[in-house]
Amino acid sequence: MATHNKTKSRLAGLALLAWSGMALAAWELNFQAPATKAAQTVIDLHDLMMIIIVIIFIGVFAVMFYSVFAHRKSRGHQAAQFHDNTLVEIAWTVIPLLILIGMAWPATKAVLNMRDTAQADITIKATGYQWKWGYDYLKGEGEGIRFMSLMSTPPEQIRGAAAKGGNYLLEVDQHLVVPVGKKIRVLTTATDVIHSWWVPALAVKQDAIPGYVRDTWFKAEKEGIYRGQCAELCGKDHAFMPIVVEVVSAEKYSQWVGAQKQQMAATADEGAKTYSLAELMSRGEKVYAANCVACHQANGKGLPPAFPALDGSKIAKGSKAAHIDIVLNGKLNTAMAAYGGQLGDGDIAAVVTYERNAWGNKAGDVVQPAEIRAARK
Amino acid sequence: MNMGAMMGERRAGPLQVMRTVLSALFGVRHRRMHEEDAAGLRPGQVIIAGIIVVAVFVLAIVAFVQFVAIK
Amino acid sequence: MNANRNADNRRVLFRLLAVAGLMFGFGYAMVPMYQKFCEITGINNLLNPDDALRNTQVDTSRKVTVEFDANLHGLPWSFKPGQTSVSVHPGELVHVVYRVSNTRNHPVTGQAIPSYGPQLAAAHFKKLECFCFARQTLGPGESREMPVVFSIDPALPKEVNTITLSYTFFEVAGAVAEPAPQQRRPGA
Amino acid sequence: MEATHAHGAGHAHGDGHSHHPKGVMRWITTTNHKDIGTMYLWFSFAMFMVGGAMALIIRAELFQPGLQYVEPEFFNQMITLHGLIMVFGAIMPAFVGFANWMIPMMIGAPDMAFARMNNWSFWLLPPAGILLTASMFVPGGAAGTGWTLYPPLSIQMGIGMDMAIFAVHILGMSSIMGSINIVTTILNLRAPGMPLMRMPMFCWTWLITGFLLIAVMPVLAGAVTMILTDRHFGTSFFSAAGGGDPVLFQHIFWFFGHPEVYIIALPAFGVVSHVIPAFARKPIFGYTSMVYAIASIALISFIVWAHHMYVVGMPVAGQLYFMYATILIAVPTGVKVFNWVATMWRGSMTFETPMLFALGFLFLFTIGGFTGLVLSNTAIDVQLQDTYYVVAHFHYVMVAGALFSAFAAVYYWLPKWTGHMYDETLGQWHFWLSIISFNIAFFPQHFLGLAGMPRRIPDYALQFVDFNQVSTIGAFGFGLSQLLFLYVVLKAIRGGVKAAAKPWEGATGLEWTVPSPAPYHTFEEPPVLTEAKGHA
């Protein structure tokens, strides 16, 4: 699991390093350290197959290379003229067949175990969006918690304007927190295209298919933070929708649930408060950076024709109501998603305010959470 | 090794066709045995038999899976 | 020799034309054939309620937790189950509701698709009343309670103790308040 | 058999036949299997260069973490086009080119059965190739979905997607026509005295491949047509909103896609089954069982498609079925390798370039087969699906399997085509550079996949840096090595040591009975086969 910061290209001696790299942490040759029994099973199965494969490989190629060296014309070897031998053929068909059947048996047990989602303690729904994950705690302790989880690696690091951090591309703003030793059932679905929810250390990978739910499960054996990524090509920011699962003790988990509930209640209350332009602008900038930058870009210029500019756009300069409406409800048949279900009143108020007053836009008006709440009705 | 055998008019029985197809699926076939069989085989027979054998093969795996998955 | 070959070629041509004609006709025959096939096998009768269980005996020896989940796919609606989960005996008739409301100030038409986790449960989940597959039009700001009546087949494998019923509402693009043409069942 | 004109050998200079149009029109109107074979091969090489350049763009971007040279959208387009172009534009036309050139000569036929259709099936290819490459320059760019074109992502794409769909349609038509032609030629135009079971192995593999192509290309065409109607005509085959299912596409696609793997691999097996016996000076081991095994591989390749989609959430019974079926069909494929090794056993071997490439094929294809076995195991595949492990696996199968055997074929038959021996030293350099750089490029990708690097990403986490750098260096080495190949081929076309009718001591078959270069028309009178002349 250890990551590292070596980004400098090492051209000199690279070929050599490739084969002597086992000592370096980064030259990972095998699966990530397992955090579940299922992941351990996968590693054991893989080890078993590798041993068998290496033996067969050496066997076959020892014969071939012996033949290549011994039976060459330059050594004066005369060609034999046999061209079949039923006994040999039967042997080399039956033996691999038996070996393969032997390998299929433990695999069957592992598959049956992997797919048994019954008796779960907590059910969490993971929803894939282009390009982030949303989590809903459907059942069990923490029921009702829902939040979005976005990559928090800053664009400057990706663009090379800043040094890359330790968990480059694998860090999110909100971890998926689960208790240790509990069976967590994960339902996957998506809103737009197929995504795939994958955390290698937990040995969980399940496609998230729009319109359908699929389920899988894991039971983490030890506390820690486990990182994964979307595994199915889902459009331009496919590389930038990581998954971070934080496994904590039961007590910590209960604390976390409490804190989340409080925060959700606070968010729900936001509709009553009023904020200043400066407060909304600074909060809006953060919301914008997390949710809007991928398409509309940091400078508000968008990527026309697919993603229109906001800087100087009719919507950002026009009526507040239309602006709020498009953020809340999205625009049908475009990439503009409805954020009403993803963001709270305060965040939407802030981001709308930000869009109306950032860059060249100088609407000067302030959108308060109460207006969002009213627009939702 | 003589061409006359290939032109034979004798028709192969179902058993013989099955033997041909099964040994093909298994991947082992002696040329001499093939030439004995080939005398009476028609392509149509072999293709139909092949499809039947594959269908049986699939059904056998399915049945085995049912047995394993729903214990 | 040449005349012979021409006759041969003509025969092949006619045969091929006949095959092409048959295949073309087969394409048209597919639609009624599939309908008949689905009718006989009972596959794909999306709009009709599932048959009531013949064996209505309630299996009181175990309970199954049914979780309810709701998703929206690009719809300006709010859509939530009236309850997060219920615990039921297989065979028992269960009545639950989903709440849906249109947050827009104009009518919007949507359509819901059900899905089950684990998938294995789909075959054992009998819905006697459901709002799925039929188009729903909600007026401006309208809210509605959508009932689902179901029972779990007692034949459900013993190891399954949790089933998630998930609905996803999709916007029917361009449709404004038109009656669903194939809606055969009232009250949905 | 008496024709002596030395032309028609793979390049556009000099045309001795008075009744043929000259210049460009000769190539546009030609119905000669050798001309058409030559055009297929050059087209394939051009596409190989285009697809290869795209691969180098991909690898350049992946040399370092972060976004350096291309935007993610463009990266995805490169991935898609690289896949489509290499599979449909480079590998498949290459083997159709070999079939065109060699099958009539191997079976003693004067030409292909449908000579005009042959012309048409080639000339469909350039428009398709242009459509694919041009889709990069339309608004929204090419399809950025990967060559698998999965919806709903492919529904979101711009007009580039429609161009890709039409290109696939056209390529499919071309393949089907080519296959009908090859199958008919093999079944009807064999010289008297050549029964099917004495036919050269390459013809056998193509006969079976031809049937496979006819069976599965319509499936692919149907699948992409459904995407087209979903995109533009309001159908919902692959959209849950209208009662469809996105996963349905994957089933249809892989029902085509798995046999497609064999479509690419079987002719490669055929080539290797000629080259190894020729340089081991010994008949192929187990000809009959090989024919039968290839036929059964083809048949059962239809029943394992869903092993490409273990994580879409199919029922556990489905996962187990596809795992068992996949493991079982590994056996007949593995046995092929034993057959080739047994062919070499106690032979009298020499190691000219074609033999080296055939051995390279054997070595690398076996590695690809073994990783395929690892992937067939559902439990392990859940961890490896959509990672670089899969990328490594299918490049070992495709590049090592198809490309290396295509190189073997070119070096093996080049003297027959051009009348000149290629430069043996440079040929061997090409082999060693290729195999070493190929392994540097792709072997580390196994480790990346195991450690958890997803495929189709333009940027990656820092723990993957080292192997990605190694891989990129290898990829550039591999790409540059192919320029040497071009040079060797051009050099042989322009001149060199005159090749004998049978330049390889151990080669067998009718193609070596005609002079080198092969005359424009061969076997206008069917050759007389004597029983003693062993084929295969």
Side-chain angles (χ1 to χ4, degrees), chain A residues 3 7 9 14 18 26-32 42 45-46 49 53 60 63-64 67 71-73 77-80 83-84 89 92-93 96-97 100 104 107-108 110-111 114-115 158-160 164 168-170 193-194 200 203 205-207 209-211 214 229 231-233 235-239, chain D residues 65-67 72-73 76 139 146 150 152-153 240 246-247 281-283 285-286 289 311-313 316 319-320 323-324 327 330-331 334-335 338 341 344-350 370 374 377-380 382-383 385-386 444 447 450-452 454 456-459 461-463 465-466 469-470 473:
Chain A
T3 59
T7 55
S9 54
L14 234 153
W27 300 89
E28 280 300 337
L29 298 178
N30 211 335
F31 288 105
Q32 296 184 8
V42 168
L45 270 174
H46 184 257
M49 286 189 90
I53 282 171
V60 172
V63 174
M64 187 182 107
S67 183
H71 306 149
R72 50 170 70 212
K73 198 185 180 196
H77 196 273
Q78 292 294 310
H83 53 64
D84 55 7
E89 289 183 62
W92 75 34
T93 308
L97 196 65
L100 288 174
T108 305
V111 173
M114 266 185 175
R115 294 305 301 273
I158 296 171
R159 297 283 162 181
K164 293 179 177 25
Y168 176 70
L169 295 191
L170 295 177
V193 300
I194 300 175
K205 185 186 282 146
Q206 180 60 59
D207 281 3
I209 295 158
R214 296 290 149 94
Q229 281 180 276
E232 179 69 56
L233 179 62
K236 89 179 171 64
D237 285 352
H238 165 54
Chain D
L67 297 176
E73 304 88 296
N76 290 347
Y150 282 2
L153 189 59
V247 177
R281 292 165 181 79
K282 188 163 158 283
F285 185 89
S289 32
V311 299
V312 299
V316 67
Q319 288 184 330
L320 289 175
M323 178 169 80
Y324 296 149
I327 287 178
V331 176
V335 167
F338 298 149
V341 173
M344 285 185 261
W345 186 252
R346 292 175 54 208
S348 171
M349 276 187 277
T350 52
F370 280 140
V374 172
N377 187 324
T378 311
I380 301 177
V382 166
Q383 282 284 55
Q385 165 108 56
D386 276 313
F447 304 133
L450 287 169
R456 294 170 168 172
I457 53 171
D459 192 4
L462 300 181
Q463 68 264 38
V465 174
D466 313 78
Q469 297 190 333
V470 176
I473 291 166

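Chain identifiers are assigned alphabetically (A, B, ...) following the order of the sequence lines, protein sequences preceding nucleic acid strands; residue numbering begins at 1 within each chain.
Below 30°, between 30° and 60°, or above 60°: for A:His71 and D:Trp345 the angle between ring planes is above 60°, a perpendicular geometry.
Rounding to the nearest 0.5 Å gives a distance of 13.5 Å between CD of A:Gln78 and NZ of D:Lys282.
Checked against side chain to side chain donor-acceptor pair (under 3.5 Å), D:Ser348 has no partners two or more places apart in sequence or in another chain. Qualifying side-chain contact (heavy atoms from CB on, under 4.5 Å) partners for A:Ala239, counting only residues two or more places apart in sequence or in other chains: D:Ile457, D:Pro458.
Residues D:Met323 and A:Thr108 are in side-chain contact: their nearest non-hydrogen atoms beyond the backbone lie under 4.5 Å apart. In this structure, the side chains of A:Trp27 and D:Val470 come closer than 4.5 Å at one or more pairs of heavy atoms. Side-chain atoms of A:Leu45 and D:Gln383, non-hydrogen and from C-beta on, never get closer than 4.5 Å to each other. D:Phe338 has its side chain out of reach of A:Val63: every pair of non-hydrogen atoms, C-beta onward, lies at least 4.5 Å apart. Counting only heavy atoms from C-beta outward, the side chains of A:Met114 and D:Thr378 never approach each other to under 4.5 Å.
For chain D, the option among A:Arg115, A:Arg214, A:His238 with the highest count of heavy-atom pairs below 4.5 Å is A:Arg115. Interface summary for chain A: among D:Ala330, D:Gly452, D:Gly347, the most heavy-atom pairs under 4.5 angstrom belong to D:Gly347. With chain A as partner, the option from D:Val312, D:Asn377, D:Val341, D:Ile327 having the largest number of non-hydrogen pairs under 4.5 angstrom is D:Val312. Chain D forms more heavy-atom pairs under 4.5 Å with one residue of A:Ala231, A:Gly160, A:Pro96 than with any other, namely A:Ala231.
Closest heavy-atom contact between D:Pro72 and A:Asp237: CG-OD1, 4.4 Å. The nearest pair of heavy atoms linking D:Val374 to A:Met49 is CA-CE, 3.8 Å. Here the closest non-hydrogen pair linking A:Val42 and D:Ala379 is CG2-O, 3.5 Å. The minimum heavy-atom distance linking A:Leu169 with D:Ala461 is given by the pair CD1-N, 4.1 Å. For the residue pair A:Leu100 and D:Val331, the shortest heavy atom distance occurs at CD1-CG2, 3.5 Å. Counting all heavy atoms, side chain and backbone alike, A:Thr93 lies closest to D:Val335 at OG1-CG2, 3.7 Å.
Residue A:Ile53 touches chain D through both its backbone and its side chain, counting heavy-atom pairs closer than 4.5 Å. With a 4.5 Å cut-off on non-hydrogen atoms, D:Asp459 touches chain A through its backbone and its side chain both. Contacts between A:Arg72 and chain D at a heavy-atom distance below 4.5 Å involve backbone atoms as well as side-chain atoms. With a 4.5 Å cut-off on non-hydrogen atoms, D:Gln319 touches chain A through its side chain but not through its backbone. Looking at D:Leu320, the atoms closer than 4.5 Å to chain A (heavy atoms on both sides) all sit in the side chain, from C-beta outward. Of the atoms belonging to D:Tyr150, it is side-chain heavy atoms, and not backbone ones, that fall under 4.5 Å from chain A.
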Criterion side chain to side chain contact (heavy atoms under 4.5 Å, CB included) on D:Val316 and A:Val111, from CA distance to verdict:
CA-CA 7 Å; D:Val316 67; A:Val111 173; 3.8 Å; yes

Going through the distances and angles, do A:Glu28 and D:Gln463 end up as a side chain to side chain contact (heavy atoms under 4.5 Å, CB included)? CA-CA 8 Å; A:Glu28 280 300 337; D:Gln463 68 264 38; 5.6 Å; no

Stepwise side chain to side chain contact (heavy atoms under 4.5 Å, CB included) test for D:Leu450 and A:His46 | CA-CA 10 Å; D:Leu450 287 169; A:His46 184 257; 3.9 Å; yes

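Proximity of a side-chain donor or acceptor of A:Lys205 to a complementary backbone N or O of D:Gln385 within less than 3.5 Å is detected. Checking side-chain atoms of A:Asp207 against main-chain N and O of D:Gly313 turns up no donor-acceptor pair under 3.5 Å. A distance-only check finds a donor-acceptor pair linking the side chain of A:Ser67 to the backbone of D:Met344 [under 3.5 Å].
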